[in-house]
Amino acid sequence: MKISKNRYLQGFAMTVVVLAMIRCIFPSVAEPRDSLVAQNDSVVSKEAAPQEEEKIEKKNEKAPEKVVEKKKEEVETPQPQKPTLNPVTAIQSPSRFFGPDGKPVKHRIYSVPNYRVTFPDSQSVQEVSAHKWGVRPVQNRAEAETRKAELVYVGSNPYFHVDKLRRSIPYLVPRASTLLQDIGRNFFDSLQVKGVPLHKIIVTSVLRSKDDVAKLQRYNGNATENSCHMYGTTFDICYNRYMTVEDPDGPKRRQVGNDSLKWILSEVLRDLREDKQCWVKYEVKQGCFHITVR
């Protein structure tokens, strides 16, 4: 049987009319199922409420003395007092510097398993970042003086000491200068949490001109023609010398060896390297960490 367009529309109209009549006669059909269940539950709970109240009243009548005793126990039982927090731990908890009792915590010195394995970044690795963040190499010191707009002066400050520079000049790109500040600050923090007297790291080399590199190659086999130091992104920190921060009221002598300070410095550099802030090469002959900003 072929259904024409008119018959299809007539059937559809009749179906709509029938459904509309059913909804008018039984309006609950259009309500959501969840609301119907909730209404049924409320009706059942209202019917069951008087029965439950009667059961509770019967139980209370049978054992009134027990109820009174429980109330007395609740009144007489003292409430546990909340422990008072130390003002230091309350403000800084959790803290690396203080324990739960408010006393300073002394952290252990772990160092790194192996210096060469932990700091393996060679010249070829560091050169990529040097080209990315560095300046155009300068020919000599006279040209470097005209490029100060691109560089930041690096001098001794509370966090590090700049050694007497013979084959470099005290300038870095701003990104590398910030990294050097972070290393010095983090080194101070590590000394404090480990209970070690404060010492400054010593910077032995920064920006080098092409003439400086040529002279350095005469007696330093590690000095390459395309040294990262020429881009202002690289600096050296010696690991066998440190500057003691003297306490005016304390003893005028060293209280920690260079090896312990080297261990702490290696922890700081490892954390920054793992945080992808720098490349680090452990230089054995030169006695320094060769560092380039990333």
Side-chain angles (χ1 to χ4, degrees), residues 119 121-188 199-245 265 268-269 272-273 276-294:
F119 308 115
D121 304 321
S122 61
Q123 166 72 14
S124 59
V125 174
Q126 299 194 24
E127 189 176 347
V128 177
S129 295
H131 284 288
K132 181 179 180 180
W133 303 110
V135 296
R136 179 171 51 84
V138 298
Q139 182 63 40
N140 48 41
R141 292 175 180 267
E143 183 182 348
E145 294 296 327
T146 63
R147 306 278 295 280
K148 291 182 180 180
E150 309 170 56
L151 303 167
V152 175
Y153 176 78
V154 178
S156 300
N157 62 30
Y159 295 112
F160 59 83
H161 172 75
V162 179
D163 208 2
K164 185 177 181 180
L165 303 177
R166 298 178 179 177
R167 291 289 180 264
S168 64
I169 53 179
Y171 291 96
L172 290 172
V173 296
R175 191 182 186 88
S177 176
T178 301
L179 173 64
L180 180 56
Q181 292 283 346
D182 292 340
I183 294 174
R185 188 182 299 107
N186 293 356
F187 184 64
F188 263 33
H199 291 75
K200 293 182 181 181
I201 56 176
I202 299 177
V203 181
T204 57
S205 182
V206 278
L207 176 66
R208 293 176 185 167
S209 65
K210 293 182 179 180
D211 292 347
D212 290 331
V213 174
K215 294 177 182 179
L216 197 60
Q217 284 180 318
R218 297 174 185 174
Y219 59 88
N220 184 357
N222 291 332
T224 61
E225 183 177 355
N226 192 26
S227 172
C228 294
H229 283 280
M230 295 192 300
Y231 300 93
T233 58
T234 306
F235 51 88
D236 294 340
I237 298 177
C238 65
Y239 53 70
N240 50 16
R241 291 188 296 121
Y242 300 86
M243 176 168 286
T244 306
V245 179
L265 177 59
V268 171
L269 295 179
L272 290 173
R273 183 180 180 275
K276 298 182 179 180
Q277 296 189 36
C278 62
W279 300 111
V280 184
K281 174 65 176 177
Y282 179 69
E283 300 285 0
V284 179
K285 294 182 179 180
Q286 303 304 318
C288 68
F289 290 109
H290 182 75
I291 305 167
T292 296
V293 69
R294 293 178 67 174

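Values reported hereafter were calculated over all heavy atoms of this structure, with side chains retained and with hydrogens, waters and symmetry mates removed.
Partners of R273 by salt bridge (Lys or Arg N to Asp or Glu O under 4.0 Å), not counting sequence neighbours, listed by chain and number: D121. Here R241 pairs with D163 under the salt bridge (Lys or Arg N to Asp or Glu O under 4.0 Å) rule; sequence neighbours left out. Contacts of K132 classified as side-chain contact (heavy atoms from CB on, under 4.5 Å), with partners at least two apart in sequence or in another chain: none. Judged as a salt bridge (Lys or Arg N to Asp or Glu O under 4.0 Å), and not counting sequence neighbours, K276 has no contacts. With sequence neighbours excluded, no residue forms a side chain to side chain donor-acceptor pair (under 3.5 Å) with T233. Applying the side-chain contact (heavy atoms from CB on, under 4.5 Å) rule to P158 yields no partners; only residues at least two apart in sequence or on another chain are considered. The side chain to side chain donor-acceptor pair (under 3.5 Å) check on S129 picks up W279, with sequence neighbours excluded. Taking the ring pair (Phe, Tyr, Trp, His ring centres under 6.0 Å) definition, one finds that Y282 meets it with Y115, Y239, F289, sequence neighbours left out. Taking K148 as the reference, E145, Y171 meet the side-chain contact (heavy atoms from CB on, under 4.5 Å) condition, with sequence neighbours excluded. Annotation: side chain to side chain donor-acceptor pair (under 3.5 Å) contacts of R147 (sequence neighbours excluded): E143, E150. The side-chain contact (heavy atoms from CB on, under 4.5 Å) check on R185 picks up Y159, Q181, D182, D189, with sequence neighbours excluded. Taking T178 as the reference, nothing meets the side chain to side chain donor-acceptor pair (under 3.5 Å) condition, with sequence neighbours excluded.
To the nearest 0.5 Å, atoms CG (D211) and CG (N140) are separated by 5.0 Å. Rounded to the nearest 0.5 angstrom, C238 SG and Q286 CD are separated by 11.5 Å. Residue L265 holds its CG atom at 10.5 Å from CG of N186, rounded to the nearest 0.5 Å. In this structure, SG on C288 lies 11.0 Å from NZ on K281, to the nearest 0.5 angstrom.
Here the closest heavy-atom approach between residue D212 and residue R167 is recorded as CB-O, 3.5 Å. Between G287 and N240, the shortest heavy-atom contact is O-OD1, 3.9 Å. Across every non-hydrogen atom of W133 and V173, the tightest pair is O-CG1, 3.9 Å. Residues R175 and R294 approach most closely at NE-O, 2.8 Å, considering heavy atoms. Annotation for C278 and I291: closest pair CB-CG2, 4.0 Å, computed over non-hydrogen atoms. The minimum heavy-atom distance linking H199 with F187 is given by the pair O-CE2, 3.2 Å.
A donor-acceptor distance shorter than 3.5 angstrom exists from the side chain of S156 to the backbone of V162, with no hydrogens or angles considered. A donor-acceptor pair under 3.5 Å is absent between the side-chain atoms of K200 and the main chain of G184, judged by distance alone.
Checked against F235 for a side-chain contact (heavy atoms from CB on, under 4.5 Å), the options L172, L207, V293 give a single hit: L172. Applying the side-chain contact (heavy atoms from CB on, under 4.5 Å) test between M230 and each of S168, S209, P137 identifies P137 as the sole match.
Contact check for L151 versus V135: side-chain heavy atoms found under the 4.5 Å cut-off.
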**OP:** List the steps, then state whether side-chain contact (heavy atoms from CB on, under 4.5 Å) holds for F160 with I237.
**Re:** CA-CA 10 Å; F160 59 83; I237 298 177; over 6 Å; no
Subject >> Full working for side-chain contact (heavy atoms from CB on, under 4.5 Å) between L216 and R208 >> reply: CA-CA 10 Å; L216 197 60; R208 293 176 185 167; 3.2 Å; yes
Original post:
What do the steps show when you test H290 against H229 for side-chain contact (heavy atoms from CB on, under 4.5 Å), and what is the final call?
Top reply: CA-CA 10 Å; H290 182 75; H229 283 280; 3.1 Å; yes
**OP:** Start with the C-alpha distance between R141 and I169, add both sets of side-chain angles, then the distance that settles side-chain contact (heavy atoms from CB on, under 4.5 Å), and finish with yes or no.
**Re:** CA-CA 8 Å; R141 292 175 180 267; I169 53 179; 2.6 Å; yes
